[in-house]
Amino acid sequence: MIASTEHKLYKKITKKGTDGILKTIRTNKGGGKGLIAGAIVLLVFTLPITILMLLTGSSIVTSVIPSVPGLLLLVWGIYLKHKRTANWISYYQKETGFSEEEIQQINLELSSPSVTIVTCRVPNAAVESFIAGYFTEHYLVVDGMEPYVRRLEDIIAVAFSDSKDIWYMAILTTQDQETKAVTLFTETQRKKALCMELMQEMHRRNPKILCGQEIVCDGSRYILERDGAQILRLYQEGRTLELAK
């Protein structure tokens, strides 16, 4: 669902730290978070055993043994999460090729009242519970399986794909050498509708973006997710690209 910054999900995410939405998107994912969650589960189950052993006269060292796996997982998870948090800017620089100054500019635009968001439901949720995409004045930010950030002016074509087990949005930009698969986390039956919402908003903001799988150039047909490198070459040569009718 297309929404504005008045949506409660946007207001919630803007409260999660002083370094902005890009950092929050990056640090909300990763193995560290999963390890911490697993460690807490282990500790919940083993802590009563540790307490019981202490009450029955066992030594502290012996009593703590059942909780050691959970404690180790917790320490490792905290370390990984801290590392991910500390390196969030360099991560985006590597993934996008943007300078640190541009990453900070994206962060600044994400806090503007003019931002448009696309919300969705995570599996089994009763209400909209997740922001799948952000549109700023100049950028697209997708919070999928991994963060995806591109300039709107650099996007050549986009399409929904269900040709593989994991459904995704195929995007070709001038920054990439071929089409990228941007995987979205939502209910399977809503993936297509979610992709369509993102595509419509992309096209509204940049009407030059081709929204569809089949692209025609000089009578030849190309498939976006398969022939991305060829389509990019034709685009760079200044050839006319159109959607197949």
Side-chain angles (χ1 to χ4, degrees), residues 3 5 7-40 73-123 125 128-152 154-155 158 166-171 173 175-176 179-186 191 194-195 197-198 201-202:
T5 54
H7 197 285
K8 62 181 181 181
L9 289 176
Y10 181 85
K11 291 182 177 180
K12 180 180 179 180
I13 198 170
T14 53
K15 294 179 181 179
K16 290 187 175 181
T18 58
D19 290 322
I21 289 175
L22 277 184
K23 179 179 179 180
T24 301
I25 290 174
R26 172 63 177 163
T27 57
N28 272 354
K29 295 181 174 64
K33 189 174 181 180
L35 287 177
I36 291 172
I40 291 173
L73 277 180
L74 182 62
V75 171
W76 183 240
I78 291 172
Y79 166 75
L80 290 179
K81 186 170 178 58
H82 175 75
K83 182 179 179 182
R84 195 179 184 94
T85 300
N87 298 330
W88 72 273
I89 290 180
S90 60
Y91 166 82
Y92 284 112
Q93 286 180 286
K94 180 179 178 181
E95 290 298 310
T96 64
F98 298 160
S99 65
E100 181 175 346
E101 289 74 19
E102 187 163 7
I103 298 298
Q104 296 291 8
Q105 174 61 31
I106 299 169
N107 238 355
L108 185 63
E109 289 194 16
L110 282 167
S111 64
S112 168
S114 64
V115 167
T116 297
I117 64 173
V118 179
T119 64
C120 68
R121 298 180 188 181
V122 295
E128 300 293 295
S129 53
F130 184 74
I131 300 178
Y134 301 80
F135 293 91
T136 75
E137 183 179 357
H138 302 102
Y139 298 93
L140 162 69
V141 177
V142 178
D143 190 357
M145 297 298 285
E146 289 294 336
Y148 180 84
V149 182
R150 291 295 186 272
R151 301 183 191 99
L152 286 166
D154 290 341
I155 300 174
V158 58
I166 299 177
W167 295 10
Y168 60 90
M169 190 164 58
I171 303 182
T173 79
Q175 294 173 242
D176 304 309
T179 305
K180 296 289 185 180
V182 180
T183 307
L184 299 165
F185 180 70
T186 187
K191 283 186 182 290
L194 179 59
C195 286
E197 285 185 297
L198 284 162
E201 185 64 16
M202 270 187 259

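Values below: all heavy atoms of this structure, side chains included; hydrogens, waters and symmetry mates excluded. What you see is a predicted model, and the numbers here were worked out from it, not measured in a lab. Numbers here simply count residues along the sequence, with the first being 1.
For the atom pair CD of Q175 and CZ of F98, the computed distance is 4.0 Å after rounding to the nearest 0.5 Å. Between atom CD1 of residue I25 and atom CD of residue E146 there is a gap of 11.5 Å, rounded to the nearest 0.5 Å. Note that CD of E201 and CG of L152 are 9.0 Å apart. Values are rounded to the nearest 0.5 Å. Taken from CH2 in W88 to CD1 in I103, the straight-line distance is 7.5 Å, to the nearest 0.5 Å. Taken from CG in N107 to CD in Q105, the straight-line distance is 10.0 Å, to the nearest 0.5 Å. For the atom pair CG (L140) and OG1 (T173), the distance works out to 10.0 Å, reported to the nearest 0.5 Å.
Side-chain contact between V141 and L22: present, with at least one pair of heavy atoms (C-beta onward) separated by less than 4.5 Å. Between Y92 and I106, every side-chain heavy-atom pair lies at or beyond the 4.5 Å cut-off. Between I131 and D143, every side-chain heavy-atom pair lies at or beyond the 4.5 Å cut-off. A 4.5 Å side-chain heavy-atom check between I171 and T179 finds every atom pair outside the cut-off. In this structure the side chain of F135 reaches within 4.5 angstrom of the side chain of M202, judged on heavy atoms. Two residues are said to be in side-chain contact when any heavy atoms from C-beta on lie closer than 4.5 Å; R150 and D176 meet this criterion. In this structure, the side chains of Y91 and K23 stay at 4.5 Å or more apart for every pair of heavy atoms. Looking at heavy atoms from C-beta onward, Y134 lies out of side-chain contact with Y139 at the 4.5 angstrom threshold.
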query = What's the verdict on side chain to side chain contact (heavy atoms under 4.5 Å, CB included) for T183 and Y168, showing C-alpha distance, side-chain angles and the deciding distance?
reply = CA-CA 5 Å; T183 307; Y168 60 90; 4.1 Å; yes
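Residues forming a side-chain hydrogen bond (donor to acceptor under 3.5 Å, both in side chains) with T136 (at least two apart in sequence, or on another chain): E109. In this view, H7 satisfies the side-chain hydrogen bond (donor to acceptor under 3.5 Å, both in side chains) rule with no residue, not counting sequence neighbours. Remark: S111 pairs with no residue by the side-chain hydrogen bond (donor to acceptor under 3.5 Å, both in side chains) rule, at least two apart or across chains. Residues passing the salt bridge (charged side-chain N to carboxylate O under 4.0 Å, His left out) test with E102, sequence neighbours excluded: R151.
The minimum heavy-atom distance linking L9 with F130 is given by the pair CD1-N, 3.5 Å. Across all non-hydrogen atoms, the minimal contact from S99 to Q93 is C-NE2, 3.9 Å. The shortest non-hydrogen separation linking G133 to L198 is CA-CD2, 4.0 Å. When all heavy atoms of S112 and T5 are compared, the closest pair comes out as O-CG2, 3.6 Å.
A donor-acceptor pair is defined here as one N or O able to donate and one able to accept, closer than 3.5 Å; such a pair exists between the side chain of T24 and the backbone of G20.
Counting only residues at least two apart or in different chains, salt bridge (Lys or Arg N to Asp or Glu O under 4.0 Å) contacts with residues 88-101 are absent.
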